[in-house]
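This is a predicted model, so every value here is computed, not measured.
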Amino acid sequence: MATMKDVARVAGVSTSTVSHVINNDRFVSEAIREKVDAAIKTLNYAPSAIARSLKLNQTHTIGMLITASSNPFYSELVRGVERSCFERGYSLVLCNTEGDEQRMNRNLETLLQKRVDGLLLLCTETHLPSAEIINRYPSIPTVMMDWAPFDGKSDVIQDNSLLGGDMATQHLIDNGYTRIACIAGPQDKTPARLRLEGYRNAMNRAGFIVHPGYEIIGDFEFQGGFSAMNSLLALENPPHAVFTGNDAMAVGAYHALYQAGLSVPKDMAVVGYDDIELARYMTPPLTTIHQPKDELGELAVDVLIHRMAQPTLEQQRLLLTPELVERGSA
């Protein structure tokens, strides 16, 4: 593999001149530039990104840890993060944890060893990343995306899930429903727990009873919503409306209702959470709580880049406000 020294030898110039031509950071005459360009083509020379990063102590790479899922929310969020990185001149290296603590920490160490400039964490596990690993790389800033509680020094960006769960349930109450169930997400995950709490707050405020069997803990996946809705329909007195802790479970709930010969919202009103792209194409389109995924990705990248530039800033904890998107399901 050709080196910069080889290019300099063939072009008959110094290595510093080759560097100036490649980086375009100093005036070089057109004649010399043509010689260097010709040598680069002849030798098929490619600048070493590793050498450049060591020299500048910067890789222009951001690492991201995420738990892969069939839930489209995560892919839509990653798309926003990658776009924001590209627009700001950074590359994104993505690692999947598969919900496994050992794999999470192994991927975490791999990203940090590769000298990423910063790290984004969006993992749904209850276990937190190894503090021992993070402490070995104190100069690499981290932003936690919707993962709480967290007692470290990382910046944190969260959805206001408590408010969102309340808003979703209140919408059903305002539309005249009293027998309202909740298909919640796994309660070892803070957003799921807060959305369920928001449901309970709205029901208590209205003076409504949460009937036995009306709270079902799902898994934030399509199958979880399908199974939970079938359980609700099997009750002696099924609900007339349901708040699902995310849109993926709402999709599963729709399918269970379809198989039972029931329609939305005539037989069962449904409100979801996340506002994934699929929500507007369901039949009928799903009323849901909008999470600003593109804005979340952009904000996370901007907060991380800002932290890289000013590492001594106070820790930031940012709370995003959810919005109700009314469609045809409730």
Side-chain angles (χ1 to χ4, degrees), residues 58-69 71-97 99 104 107-108 110-112 114-125 128-129 131 133-134 137-164 189-192 194-195 220 246-247 273-277 289-323:
Q58 218 177 16
T59 63
H60 278 278
T61 301
I62 288 174
M64 185 174 186
L65 271 180
I66 189 168
T67 300
S69 165
N71 181 359
F73 170 79
Y74 296 107
S75 61
E76 292 179 20
L77 181 56
V78 169
R79 181 180 63 190
V81 169
E82 196 280 331
R83 182 191 303 117
S84 297
C85 286
F86 175 78
E87 290 172 349
R88 288 152 182 77
Y90 285 82
S91 298
L92 180 68
V93 178
L94 189 66
C95 286
N96 175 25
T97 71
M104 174 184 67
N107 284 339
L108 174 65
T110 297
L111 287 172
L112 296 175
K114 290 183 180 298
R115 300 173 61 87
V116 294
D117 294 337
L119 191 63
L120 298 173
L121 299 177
L122 177 62
C123 305
T124 59
E125 296 91 342
L128 294 172
I133 295 175
I134 291 179
Y137 305 87
S139 63
I140 299 179
T142 302
V143 171
M144 311 286 277
M145 302 170 67
D146 208 20
W147 192 359
F150 182 66
D151 298 325
K153 298 179 181 179
S154 301
D155 296 316
V156 180
I157 303 175
Q158 297 170 288
D159 164 61
N160 192 338
S161 292
L162 179 64
L163 175 60
K189 297 171 177 47
T190 302
L194 291 176
R195 290 170 197 177
F220 273 163
N246 72 348
D247 289 350
Y273 203 111
D274 284 341
D275 194 22
I276 60 176
E277 191 169 350
I289 299 297
H290 174 72
Q291 277 213 73
K293 294 173 287 298
D294 286 344
E295 293 89 336
L296 174 57
E298 184 173 6
L299 182 60
V301 173
D302 284 343
V303 167
L304 186 58
I305 292 175
H306 190 55
R307 173 64 62 184
M308 293 176 203
Q310 301 187 52
T312 59
L313 287 175
E314 290 293 317
Q315 182 190 36
Q316 297 186 73
R317 287 181 176 266
L318 307 177
L319 197 63
L320 301 180
T321 302
E323 300 175 10

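- Within a 6.0 Å radius of CD in E314, other residues, nucleotides and ligands contribute 12 heavy atoms or fewer.
- Screening L304, L121, L120 for a side chain to side chain contact (heavy atoms under 4.5 Å, CB included) involving M64 leaves a single residue, L120.
- Between the CD atom of Q291 and the CG atom of L77 there is a distance of 8.5 Å, given to the nearest 0.5 Å.
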Problem set entry | side-chain contact (heavy atoms from CB on, under 4.5 Å) between F73 and N246, intermediate numbers included | CA-CA 9 Å; F73 170 79; N246 72 348; over 6 Å; no
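- With sequence neighbours left out, the salt bridge (Lys or Arg N to Asp or Glu O under 4.0 Å) criterion links E295 to no other residue.
- Of all heavy-atom pairs spanning V301 and S84, the tightest one is CG2-CB, 3.9 Å.
- The shortest heavy-atom contact between F220 and A192 is CZ-CB, 3.6 Å.
- Taking the side chain to side chain donor-acceptor pair (under 3.5 Å) definition, one finds that D155 meets it with R307, sequence neighbours left out.
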For this session: Using the side-chain contact (heavy atoms from CB on, under 4.5 Å) rule, take R195 and I289 through it: C-alpha gap first, then chi angles, then the decisive distance, then the call.
Result: CA-CA 11 Å; R195 290 170 197 177; I289 299 297; over 6 Å; no
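- If you take CG on L119 and CE on M144, they are separated by 9.0 Å, rounding to the nearest 0.5 Å.
- For D275, the side chain to side chain donor-acceptor pair (under 3.5 Å) partners at least two apart in sequence or on another chain are H290, R327.
- Looking at L319 and N160, their side chains come closer than 4.5 Å, going by heavy atoms from C-beta outward.
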Exercise. Could you walk me through whether C95 and T110 pass the side-chain contact (heavy atoms from CB on, under 4.5 Å) check?
Worked result: CA-CA 9 Å; C95 286; T110 297; 5.7 Å; no
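- A distance-only check finds a donor-acceptor pair linking the side chain of D247 to the backbone of I276 [under 3.5 Å].
- Between G118 and I140, the shortest heavy-atom distance links the atoms CA-CG2, 4.0 Å.
- Judged as a salt bridge (Lys or Arg N to Asp or Glu O under 4.0 Å), and not counting sequence neighbours, the contacts of R83 are D294.
- Taken to the nearest 0.5 Å, the CD1 atom of I157 stands 10.5 Å off from the CG atom of L122.
- Distance check, rounded to the nearest 0.5 Å: CG of D302 to CD of E87 gives 9.5 Å.
- For the residue pair P292 and L320, the shortest heavy atom distance occurs at CG-CD1, 4.1 Å.
- Scanning both residues, P141 and M308, for their nearest heavy atoms gives CG-CG, 3.7 Å.
- Side chains of Y90 and D117 form a contact here, defined as non-hydrogen atoms less than 4.5 Å apart.
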Problem set entry | Full working for side-chain contact (heavy atoms from CB on, under 4.5 Å) between R88 and I62 | CA-CA 11 Å; R88 288 152 182 77; I62 288 174; over 6 Å; no
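- To the nearest 0.5 Å, the span separating CG on L318 from CE on M145 amounts to 11.5 Å.
- Remark: the backbone N or O of E277 is paired with a side-chain donor or acceptor of E76 at under 3.5 angstrom.
- Considering only residues two or more places apart in sequence or on other chains, E82 meets the salt bridge (Lys or Arg N to Asp or Glu O under 4.0 Å) condition with none of them.
- When every heavy atom of D159 is checked against every heavy atom of P322, the shortest pair comes out as OD1-CB, 3.9 Å.
- The side chain to side chain donor-acceptor pair (under 3.5 Å) search around H306 returns none, not counting sequence neighbours.
- Counting only distance, with no hydrogens or angles, the side chain of K293 and the backbone of D274 share a donor-acceptor pair below 3.5 Å.
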